[in-house]
Structure formats: structure tokens, C-alpha cells
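Below, read A as the first sequence line, B as the second, and so on, with proteins coming before strands; counting in each chain starts at 1.
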There are 2 protein chains.
Amino acid sequence: MITSHRITPIAEVEGESVTVSRLKAACSNCNLRELCMPAGISSTELDQLDELVYARRKVKRSDALYRTGDPFEALYAVRTGFFKTRLTFQDGRDQVTGFLMAGELIGLDGIGTEAHTVDAVALEDSEVCMIPYAKLEALSGEMPSLRTHFHKVMSREIVRENSVMMLLGTMRAEERLAAFLLNLSQRMVSRGYAALEFHLRMTREEIGSYLGMKLETVSRLFSRFQAEGLIEVDQKYVRIKDIDGLKAIYAHHTH
Amino acid sequence: MITSHRITPIAEVEGESVTVSRLKAACSNCNLRELCMPAGISSTELDQLDELVYARRKVKRSDALYRTGDPFEALYAVRTGFFKTRLTFQDGRDQVTGFLMAGELIGLDGIGTEAHTVDAVALEDSEVCMIPYAKLEALSGEMPSLRTHFHKVMSREIVRENSVMMLLGTMRAEERLAAFLLNLSQRMVSRGYAALEFHLRMTREEIGSYLGMKLETVSRLFSRFQAEGLIEVDQKYVRIKDIDGLKAIYAHHTH
DNA sequence: GGTCGCGTTTGATCAATATCAATAGCCGGA
DNA sequence: TCCGGCTATTGATATTGATCAAACGCGACC
């Protein structure tokens, strides 16, 4: 299955629409740089980064960027599109562990065991920058700013997961969904998109999996939030009408 | 409040029993080395590690090693004792995000923002090795094996949190508790303790907080597991009588 | 342009766990 | 060593969200 997006195919993963481009990924003039790379680095350092991030790869909607058990070789920075990561348990149950958008880094799960522990699946046609991990390791030895930045990215991921634990462990369904919408909104803003209006890339079931509830509960809550004038929903389209109302649900905890 | 454990006090944190020892922490002859440091490093590298881990600190039961908002300056390797990390939400609710035992690393949460985002609290009188983060950053520039090891530790923490997310998001209360007991057991074994018999260091409430359930539910489940012959419980003492039974609950998921 | 299937919505009922409450027991500090 | 408060257990009831079920609508693909 060859896609029209292909530029220079160098790899084909059994039947999947995976394309890799040798075109320089060119951090130096990437508009995601602030999101994804250390701020305030010198231009010689930028050249080194361009060396590091040497290829792009396209991933079609519903295809996996990598799967559980795949040998860990690279991290990926999302250039365009939207991903989920999914952990599958022995008995088949699975859990969405994250949604990733432009400028965010995928693959940190693989470092510890040198094999991936989750699946990373594109929720829309997407493109990533490949960052070969061996090169990153090596380069971070010479570039303190890169090293520091990388450590911060990992730490922030740990902190993000901490707050998901709090979400799942102590919050009610309506609080979780409010938190989810507020988080999405905030991440849209920091990418220069509208804060209060967006298209969800994931299904109700995927939202539910991430938030630890069933898809019916997600659907009911969307309807209820709409009835209460907090949001406007039409399928994947969401508009936040009362962001303070959402924040009150999220944090006020009238119990 | 000065403790008898004190050796060479160099810091006192407002009324808390915090003691810091300038005694070389001496990774080179620490029996936790395999757990906490990179395997197969040279002896000159070991000397550098001894340089890095330059002090110990005692923390008394129920005292904090650090608190949310504290400036981030060091990581800590648990030498002896037992800690919990705890995330507190705006409205006062909190969630235990981890339990840490000998050889494990505390403080990764602080790297990203240069301030701690959780509290780390000792659940029994404990001792930690202080690892000043600036030194770790610097040394990891020169020591690839240390750098690689550190990245793996962070990645494994991300993976651990992934599985807690799965626990909280998709598992039933009895499955969570079984998973918790099995995990504790496994960590005891890898430290050379008995696999099937141990004293819990945390209360039912702390277990419940970690597992996303109320303390009454934890208590009832302990009673039920005991009635079913899976375990023997007496307050904090637990003996696993049927580890396969626990595993079946954890993973079999008859639903 | 039609049709098939997935995703979504909504309703009715059920089950798991929280909540409220009361008692008992242990442990830690003086 | 004793006391007091924290921790645990257990019961009765309430509530949230899951489950089962049915119908609908959108969109992808033929």
C-alpha cells in the first residue's frame, strides 16, 4: 500500500503506509522549534540538530508508528497530525495512555528496555521527524543544552502522567472530561490555534479509555455539558462556550 | 528537633528532623549498587560516582524529603527505608503517585520545572543518598554509561506510570489490589527479602489513594482475600499464601 | 448516489464501590 | 507503661458509572 505522500521510500513495514523521507528535516527553519527543541541554542548547535533529526516519516490514519515489542531505535517528534499511545494488557484490555500533537515527542517508553512498551497509532494522516536514539545519546554528550532539554522533556512526561494518575484515581467522570477539554484547549492555544473551538481527532471510546470511563459515559457527559450551556458539541466538533464553568467543574469539587 | 541519628549537621529545615552527613556516600562499596547504578562501569568511573553522590540525609518517619514547590536541586537514592510521593490538587484532594524502596530514585518530577511537583514523605525512618542534579548533568556529559543509565531510569518510570494508568483506568478494585501485592512482592525479592511475607509500610488509606479506591474498600478486599485463602493479613503484616491465585485475579479477568 | 458499518446517542437496569456510621484495636509518644 | 488518637474492620445504604439494548446518522466505499 503505497501512498501518494511518499517522497523517497527507504523502508516499508509489512503492508503499512509507512514512508520515510531523506529530506533534511531541518529543525533550523521548523516553526515547531520552540515547542520541540531547546531554546536559545547557537547556530552551530542548530546545525548539529539538523544532523540529528535526519529524516521524516509519514504515517497514515490508523497505522502504527511503532508497536509494542518493536526494537527501540528512535524517538519521533510530531510534525503534523495527531497520535495516541496505547498500552495493551495481557488479557487484551487496553488503555490509551496519551494523545500527542505537533511538537510533542513520542517513544520515550522504549528507552528503558530498548523495546517499545506501547503502540503509537496515528489518529489522522501525520508526519513525524525521526530522531535516531543512538545519535541523540551521543550528541547529548557534547551538547549540554540538548541534554538538559531532553531531561526536562522526560521529567515533564513523568509529571503529566502523575496528573493523569490523580485524574483517574480521585476525580469523578465529569471532572475528568472537563479536565480533558481544558487540557486540549490549552495545547491548541500554545500551537496558535483557536482556544475554544476544535475538532476532536479521537472517538468517544478513545476518550473514555484515556479517562477511565466507558464511551457511553463520555457521550452522556458531552450531552449534559451541552445542555448546561458549557459547550457545543456536534460529533467531533467541540466549542467551549463557558470555559470558567468547565474550570469550576474541574477544580471546584463541590462534591 | 534534633535526632540522635545526626552525624554532621549541615542543614536544618524548619523544625524538621533533617540531617545531612558529609560522610562519603561511597557507591563503590554500596550493596545497592546493582539496583541504583549502571552495571559494568570501570573503577575510575566508580570514583567519579563517589564524587557525585557526596552526602547522605536521614529523614524521619512522616517527615518530607522535599515538598511541592521546593526548588529542585538534587535527586535522592533511597538507601534504607520507605517513601511515598504524593500529588496534591488545588482543592486539597491528593493522590499517592508512588511508593519507593531501597535503591530507587526520588525526585525526577522536579527536573522539568526546576521545582518539585510532588511531596516525598518518609513512611519509616529512612536514609537517602543525595545526588546534586547539576553534578549529575555535568558528569553525564562525560560518562556515557551514566547518561544511558539515567535515561533508562527515567524511561522506566514513565513505563511504570503507564501501567498505573492502566490499573486505574481499566481494572477492578480486586485486580488492583492483587497487582499491588504482586508488585510489592516482586520488589522485595529483587532486594533479597522474602517474597511472600512482608510488613506494609503504608496505611490502608495510602494504599487506597495509590490504587484509586477508598480505605474501606482496601480493608474489605484484604478481608476477602484472606477468607479466600489467598493471603494472611494482620494489620500491616501480609503473607501471600496463594501467589498463583493472586496472579489469576490480576490477569485472568473473568469479568 | 446508495448502502453498509462504525460511531454515537439515549434509555433502562444493574453492579461495584463510595459513603455514612459504629466499634474495636493498635501504636506511638509522653 | 499507659493513654489517646489514629488506623482498621465491618455493616447498612446510597450513588456513580457500567452494562445491555435499540435506534440513528454520518461517512467511506463501491
Quick one: [X] [atom1] to [N] [atom2], roughly how many Å, whole number?
{"X": "Ile207(A)", "N": "dT8(C)", "atom1": "CD1", "atom2": "C1'", "answer": "11 Å"}
{"X": "Leu177(B)", "N": "dA16(C)", "atom1": "CG", "atom2": "C1'", "answer": "15 Å"}
{"X": "Leu221(B)", "N": "dT9(D)", "atom1": "CG", "atom2": "P", "answer": "11 Å"}
{"X": "Glu206(B)", "N": "dC6(D)", "atom1": "CD", "atom2": "C1'", "answer": "12 Å"}
{"X": "Leu123(B)", "N": "dG28(C)", "atom1": "CG", "atom2": "P", "answer": "13 Å"}
{"X": "Arg201(B)", "N": "dC27(C)", "atom1": "CZ", "atom2": "C1'", "answer": "14 Å"}
{"X": "Met202(B)", "N": "dA8(D)", "atom1": "CE", "atom2": "C1'", "answer": "16 Å"}
{"X": "Leu200(B)", "N": "dC26(C)", "atom1": "CG", "atom2": "P", "answer": "16 Å"}

Note to self: I'd like to know if Arg220(A) reaches the base of dG11(C) with its side chain, counting only an N/O donor and acceptor under 3.5 Å.
What the structure shows: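 Flag set: donor-acceptor pair detected.
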
Tell me which nucleotide among [options] gets nearest to the side chain of [X].
{"X": "Thr217(A)", "options": "dG17(D), dT8(C), dT9(D)", "value": "dG17(D)"}
{"X": "Leu215(A)", "options": "dT8(C), dT16(D), dG11(C)", "value": "dT8(C)"}
{"X": "Glu216(A)", "options": "dT10(C), dC20(C), dA18(D)", "value": "dT10(C)"}
{"X": "Lys236(A)", "options": "dG7(C), dA8(D), dT17(C)", "value": "dG7(C)"}
{"X": "Ser223(A)", "options": "dA18(C), dT9(C), dT8(C)", "value": "dT9(C)"}
{"X": "Ser219(A)", "options": "dT10(C), dA18(D), dG17(D)", "value": "dT10(C)"}

Between Gln235(A) and Glu174(A), the residue closer to the 5' end of DNA chain D by nearest nucleotide is Glu174(A)

By nearest-nucleotide position on DNA chain D, the 5'-leaning member of Lys214(A) and Asp234(A) is Lys214(A)

(Q) I'd like to check the ring pair (Phe, Tyr, Trp, His ring centres under 6.0 Å) partners of Phe222(A); sequence neighbours left out, ordered by chain and number. (A)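 Testing Phe222(A) for ring pair (Phe, Tyr, Trp, His ring centres under 6.0 Å), a comparison that skips the adjacent residues, returns none.
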
**Request:** With heavy atoms under 4.0 Å as the rule, sort Gly208(A) into base, sugar-phosphate or nothing.
**Result:** nothing

Worksheet entry | Donor-acceptor contact below 3.5 Å, side chain Ser185(A) vs main chain Ala195(A) | yes

Only one of Lys58(B), Lys60(B), Arg201(B) passes salt bridge (charged side-chain N to carboxylate O under 4.0 Å, His left out) with Asp125(B), and that residue is Lys60(B)

For Tyr237(B) and Glu197(B), which I'm curious about, is there any donor-acceptor pair between the side chains at under 3.5 Å?
yes

| Taking the six-membered ring for Trp, are His116(B) and Tyr66(B) parallel (under 30°), tilted (30 to 60°) or perpendicular (over 60°)? | parallel

